[in-house]
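Quick note: residue numbers are just sequence positions, from 1. Values in this document were obtained by computation on a predicted structure and should not be read as measured data.
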Amino acid sequence: MKVKFHTWLKTKTGCAEEEVDPPAHVRTIADLTAFLGERHAEAAPLFAMPQALRYVIDRRYVDADHELSPSQVVEIYPPVTGG
């Protein structure tokens with residue numbers, strides 16, 4: 001599965017995208033974010049709040065409870081700040 005990180009989340013994870021092979025218990029995006037939090041300590045506090053992130057699959061926004069398939073590309077956007 002390919003995961004793409006956007007904006008400042010790239011800095012927190014140290015990469016713009018990565019190929020991951022999550023364990024069998026990772027079935028939803030919320031599960032995926034918990035798994036990613038174990039891999040990226042600096043981003044772990046954000047990954048611990050999957051509802052704070054935005055997710056795109058196939059150019060469609062999806063929720064954290066979205067069921068995943070291994071061939072999908074998951075794009076993750078952090079919360080936007082500014083004024």
Given ring-ring contact (aromatic ring centres under 6.0 Å, His included), test His25 with Phe35 step by step and report yes or no.
CA-CA 10 Å; His25 72 274; Phe35 171 73; 7.6 Å; no
Evaluate the criterion side chain to side chain contact (heavy atoms under 4.5 Å, CB included) for residue pair Gln51 and Met49; output intermediate values, then yes/no.
CA-CA 5 Å; Gln51 72 281 2; Met49 302 181 303; 3.9 Å; yes
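Taking CG of Leu9 as the reference point, atom CG of Leu53 lies at 7.0 Å (rounded to 0.5 Å). Rounding to the nearest 0.5 angstrom, the gap separating the CG atom in Leu32 from the CZ atom in Arg39 is 9.5 Å. Of the inter-residue distances, the one linking Phe5 atom CZ with Ile76 atom CD1 reads 5.5 Å to the nearest 0.5 angstrom. Here Arg54 contributes atom CZ and Asp63 contributes atom CG; the two are 8.5 Å apart, rounded to the nearest 0.5 Å. Note that CG of Leu36 is 5.0 Å distant from CZ of Phe47, once rounded to the nearest 0.5 Å. Taking NE2 of His66 as the reference point, atom CD1 of Ile29 lies at 5.5 Å (rounded to 0.5 Å).
Between His40 and Glu42 there is no side-chain heavy-atom pair separated by less than 4.5 Å. A 4.5 Å side-chain heavy-atom check between Pro79 and Leu46 finds at least one atom pair inside the cut-off. Two residues are said to be in side-chain contact when any heavy atoms from C-beta on lie closer than 4.5 Å; Arg27 and Leu68 fail this criterion. With a 4.5 Å cut-off on side-chain heavy atoms, Val3 and Glu75 do not count as touching.
Cluster annotation: Val74 is not connected to Val56 through the hydrophobic network of ILVMFWY side chains, with a link wherever side-chain heavy atoms come within less than 4.5 Å.
Scanning both residues, Pro50 and Ala64, for their nearest heavy atoms gives CB-CB, 4.1 Å. Summarising the geometry of Thr7 relative to Pro78, their closest heavy-atom pair is OG1-CG, 3.0 Å, with the distance given to 0.1 Å.
Salt bridge Glu17/Lys2: present, at least one basic N to carboxylate O contact under 4.0 Å.
Between Tyr77 and Tyr61, the ring planes are tilted. Angles from 30° to 60° get that label.
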